There are 2 protein chains.
Amino acid sequence: MKEVKAILNDTLVLLFNLVLKSEEKFLREVGCKDLSINEIHVIDAVGKNESPTMGAVAGELNVTLGTLTTAINNLEKKEYVARKRGVKDRRVVFLSLTEKGQNIFDLHQEFHDDMINEIVNSLSDSEELALMKGLNNLIDYFMTNYS
Amino acid sequence: MKEVKAILNDTLVLLFNLVLKSEEKFLREVGCKDLSINEIHVIDAVGKNESPTMGAVAGELNVTLGTLTTAINNLEKKEYVARKRGVKDRRVVFLSLTEKGQNIFDLHQEFHDDMINEIVNSLSDSEELALMKGLNNLIDYFMTNYS
DNA sequence: AAATATAATTTGATAATCAAAGTATTGAGG
DNA sequence: CCTCAATACTTTGATTATCAAATTATATTT
């Protein structure tokens with residue numbers, strides 16, 4: 001049993017590095033030269049949030065507002081995202097993707113879809129459930145122990 | 001079926017952020033104030049490599065030698081790792097953990113053990129296999145498509 | 001012995017990050 | 001309505017992480 005745990009650990013660590021590097025490589029192959037992997041994740045968070053304020057996106061990415069401000073400054077300059085002050089509450093800044101931003105968002109989504117398909121297609125239904133169970137347990141664990 | 005894929009994607013993304021933040025939090029709780037999560041990963045790579053040269057560790061971490069050089073400079077200054085030139089081939093630099101470094105290495109290992117236990121203990125033997133299968137498929141996929 | 005290859009470091013530049021201080025706006029209590 | 005506290009964000013100042021390209025030192029090949 002110890003064996004399995006050790007393997008699982010190594011596998012997870014390897015996967016971690018691999019996913020990040022693969023995302024980067026994917027971007028280059030897709031011809032995107034002016035975005036880092038970090039910036040893609042910001043675009044991703046903006047794109048999938050249904051009410052993407054600075055605060056919401058910073059929270060989702062687990063970075064401070066200051067960090068996000070500089071990231072958004074750059075992405076705004078490069079015309080991937082746009083800022084707009086809230087009308088009801090003028091302290092709030094709402095973010096949105098430009099056409100250019102939406103484009104990259106879609107491409108990155110494809111990468112993730114491929115990744116997920118690769119896992120799911122290789123598994124039977126019951127194995128699929130086992131995977132979900134394992135991942136959910138892990139999330140619960142982190143939520144209760146390190147939130 | 002689409003549902004499961006979407007959930008799996010979100011779960012993986014969430015897990016990704018959660019693991020990194022949890023590792024950071026773990027360090028703070030353990031009283032380690034002068035190491036970033038990145039530096040821990042360097043210490044980890046040095047500790048678990050059976051022949052930790054600069055090149056080997058840089059390769060494992062997927063960073064350039066230049067990047068690792070600066071990281072090791074800092075860790076050496078803070079006395080977590082030590083450098084030693086190879087005697088047989090004097091171009092090579094062998095790294096090792098100091099007592100302080102080994103200490104943190106052990107603590108971080110505990111974190112990982114807890115994490116792995118949390119997954120494995122919640123799964124039956126067959127579910128465990130399914131999880132491994134899913135992860136291994138993913139690694140194969142990245143290796144062939146993005147290496 | 002000279003040319004080439006390898007292992008690491010240095011250099012110069014940029015991106016990512018945080019904590020703390022600052023700005024603007026809102027909301028609550030008197 | 002006014003003040004004061006809270007909220008949402010930006011700015012500032014500093015550090016760390018990163019890379020590509022140039023450099024240094026050593027080994028290997030021819």
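The basis for the numbers below is simple: all heavy atoms, side chains too, and nothing from hydrogens, waters or symmetry mates. What you are looking at is a predicted structure, and each value in this text was computed from that prediction instead of being measured. Every chain is numbered from 1 and lettered A, B, ... according to where its sequence line falls, protein lines coming before strand lines.
Per the geometry, CD1 belonging to A:I43 stands 14 Å off P belonging to C:dA15, to the nearest Å. Taking atom CD1 of residue A:I72 and atom P of nucleotide D:dA8, one finds them 17 Å apart after rounding to whole Å. Distance CG (A:L68) to C1' (C:dC18): 14 Å, rounded to an integer number of Å. At whole-Å resolution of the value, CD in B:E76 and P in C:dA8 are 14 Å apart. Summarising the geometry, the separation between CG on B:N73 and C1' on D:dA17 is reported as 13 Å, rounded to the nearest angstrom.
Inter-residue side-chain proximity for A:E23 and A:I40 is flagged as unmet; no heavy-atom pair is nearer than 4.5 Å. Using a 4.5 Å heavy-atom threshold, the side chains of A:K78 and A:D34 count as touching. Side-chain contact between A:R85 and A:V92 is absent, with no heavy-atom pair separated by less than 4.5 Å. Taking 4.5 Å as the limit, some side-chain heavy atom of B:L35 sits within range of a side-chain heavy atom of B:I43.
Sorted by first and then second residue, the salt bridge (Lys or Arg N to Asp or Glu O under 4.0 Å) pairs with a member in residues 47-67 of chain A read A:D44-A:K48; sequence neighbours excluded. The stretch residues 66-91 of chain B participates, sequence neighbours left out, in no ring pair (Phe, Tyr, Trp, His ring centres under 6.0 Å) pair at all. Under the salt bridge (Lys or Arg N to Asp or Glu O under 4.0 Å) criterion, the residue pairs touching residues 131-144 of chain B are A:E127-B:K133, with sequence neighbours excluded. Evaluation of the salt bridge (Lys or Arg N to Asp or Glu O under 4.0 Å) test over residues 90-100 of chain A, restricted to residues two or more places apart or in two chains, returns A:D89-A:R91.
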Please write out each protein N/O paired with an N/O of nucleotides 1-3 of chain C under 3.5 Å, distance rounded to 0.1 Å.
none

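For the segment residues 32-42 of chain B, residues with any heavy atom less than 4.0 angstrom from an atom of DNA chain D are, sorted by number, B:S36, B:N38, B:E39. The stretch residues 53-67 of chain A touches DNA chain D through A:T53, A:M54, A:G55, A:L65, A:G66, each having a heavy atom under 4.0 angstrom from the strand. For residues 77-96 of chain B, proximity to DNA chain C is found at B:R83, B:R85, B:R91, B:V92, B:V93, defined as any non-hydrogen atom under 4.0 angstrom from a strand atom.
Residues passing the side chain to side chain donor-acceptor pair (under 3.5 Å) test with A:T53, sequence neighbours excluded: none. Not a single side chain to side chain donor-acceptor pair (under 3.5 Å) links B:N62 to another residue, sequence neighbours left out. B:E76 pairs by the salt bridge (Lys or Arg N to Asp or Glu O under 4.0 Å) definition with B:R83, not counting sequence neighbours.
Below 30°, between 30° and 60°, or above 60°: for B:H112 and B:H108 the angle between ring planes is above 60°, a perpendicular geometry.
Atom CG in B:L27 sits 6.0 Å away from atom CD1 in B:I104 (nearest 0.5 Å). Expressed to the nearest 0.5 Å, how far OG of A:S96 lies from NZ of A:K84 amounts to 8.0 Å.
Taking five base pairs at each end of the helix from C:dA1-D:dT30 to C:dG30-D:dC1 and finding the rotation axis that steps the C1' atoms of four pairs onto the next four gives two axes whose angle is 10°, to the nearest 10°.
Enclosure of atom CD in B:E79 is not indicated, since only 12 or fewer non-hydrogen atoms of other residues, nucleotides or ligands lie within 6.0 angstrom.
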